[in-house]
Colleague: 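Questions regarding the structure given below will be posed in turn.
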Amino acid sequence: KDLREPCIVGIQVGIIVHAEPGRQHERGFAFCSSALFSEEEQKNCYQHMLFQFRQTYTSDNYTEACTLVPEMYRGNLCS
């Protein structure tokens with residue numbers, strides 16, 4: 001079985017838990033933009049991070065975070 005996706009999610013969780021509160025998106029999005037990921041993995045990474053941030057960020061912080069995600073990866077999470 002492919003363990004790549006669960007590993008990516010595990011690192012995302014670590015970033016969310018351990019990065020500076022309200023600033024997790026900076027490290028999270030830097031991780032998601034890795035050239036090591038396929039386009040689909042980048043999309044999934046950004047969308048997972050956005051979903052998590054929507055649950056925990058203030059509206060203003062979430063809006064700011066959305067502006068940092070390439071449009072092609074935002075899906076309907078930033079509309």
Colleague: Supply the atom-to-atom distance Gln55 CD to Ile16 CD1, rounded to the nearest 0.5 angstrom.
Modeller: 10.5 Å
Colleague: Could you give the distance from CD1 (Ile15) to SG (Cys32), rounded to the nearest 0.5 Å?
Modeller: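 Between Ile15 CD1 and Cys32 SG, I get 7.0 Å after rounding to 0.5 Å.
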Colleague: Measure the OH-OG1 distance between Tyr62 and Thr56 for me, rounded to the nearest 0.5 Å.
Modeller: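 Output value for this atom pair is 10.0 Å.
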Colleague: Report yes or no: does Gln12 contribute a side-chain atom to a donor-acceptor pair with the main-chain N or O of Cys45 at less than 3.5 Å?
Modeller: yes
Colleague: From Glu20 CD over to His25 NE2, what is the distance, rounded to the nearest 0.5 angstrom?
Modeller: 10.0 Å
Colleague: Starting from Met49, can I reach Val17 by hopping between I/L/V/M/F/W/Y residues whose side chains sit under 4.5 Å apart?
Modeller: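 In one cluster: no.
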Colleague: When you group the ILVMFWY residues by side-chain heavy-atom contacts below 4.5 Å and let the links chain together, are Leu68 and Leu77 in the same group?
Modeller: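 Yes; tracing contacts between hydrophobic side chains, which count when under 4.5 Å, links both residues.
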Colleague: Hydrophobic cluster membership, with links at side-chain heavy-atom distances under 4.5 Å among I/L/V/M/F/W/Y: are Ile11 and Leu3 in one?
Modeller: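 Shared cluster, no.
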Colleague: Please list, chain by chain and in numerical order, all residues satisfying side-chain contact (heavy atoms from CB on, under 4.5 Å) with Glu71, sequence neighbours excluded.
Modeller: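 Glu71 satisfies side-chain contact (heavy atoms from CB on, under 4.5 Å) with Arg74 only.
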Colleague: Should Val9 and Phe29 be regarded as members of a common hydrophobic cluster, given that ILVMFWY residues are connected when their side-chain heavy atoms come within less than 4.5 Å of each other, either directly or indirectly?
Modeller: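 No; tracing contacts between hydrophobic side chains, which count when under 4.5 Å, never links both residues.
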Colleague: With no hydrogens and no angle check, is any side-chain donor or acceptor of Thr67 less than 3.5 Å from a backbone partner on Glu64?
Modeller: yes
Colleague: Using every non-hydrogen atom in the two residues, find where Ser33 and Ala30 come nearest and quote the distance to one decimal.
Modeller: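 Looking at all heavy atoms of both residues, the closest pair is OG-O, 2.9 Å.
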Colleague: Can a donor-acceptor pair be found, under 3.5 Å and without considering hydrogens, that links the side chain of Arg27 to the backbone of Ala19?
Modeller: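 Such a contact is absent between Arg27 side chain and Ala19 backbone.
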Colleague: Spell out, as yes or no, whether a donor-acceptor pair under 3.5 Å connects the side chain of Glu41 to the backbone of Glu5.
Modeller: no
Colleague: What's the separation between atom CZ in Arg54 and atom SG in Cys78, rounded to the nearest 0.5 Å?
Modeller: 7.5 Å
Colleague: At what distance, to the nearest 0.5 angstrom, does CG of Leu36 lie from CZ of Phe31?
Modeller: 9.0 Å
Colleague: Are Tyr57 and Gln24 linked by a side-chain donor-acceptor pair shorter than 3.5 Å?
Modeller: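 Yes, because at least one side-chain N or O of Tyr57 sits under 3.5 Å from a partner of the opposite role on Gln24.
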Colleague: Spell out, yes or no, whether Phe51 and Tyr73 are grouped together once hydrophobic residues are joined by side-chain heavy atoms under 4.5 Å, including indirect joins.
Modeller: no
Colleague: Using side-chain heavy atoms (C-beta onward) and a distance below 4.5 Å, is Lys43 in contact with Phe37?
Modeller: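 No. Closest side-chain heavy atoms not under 4.5 Å.
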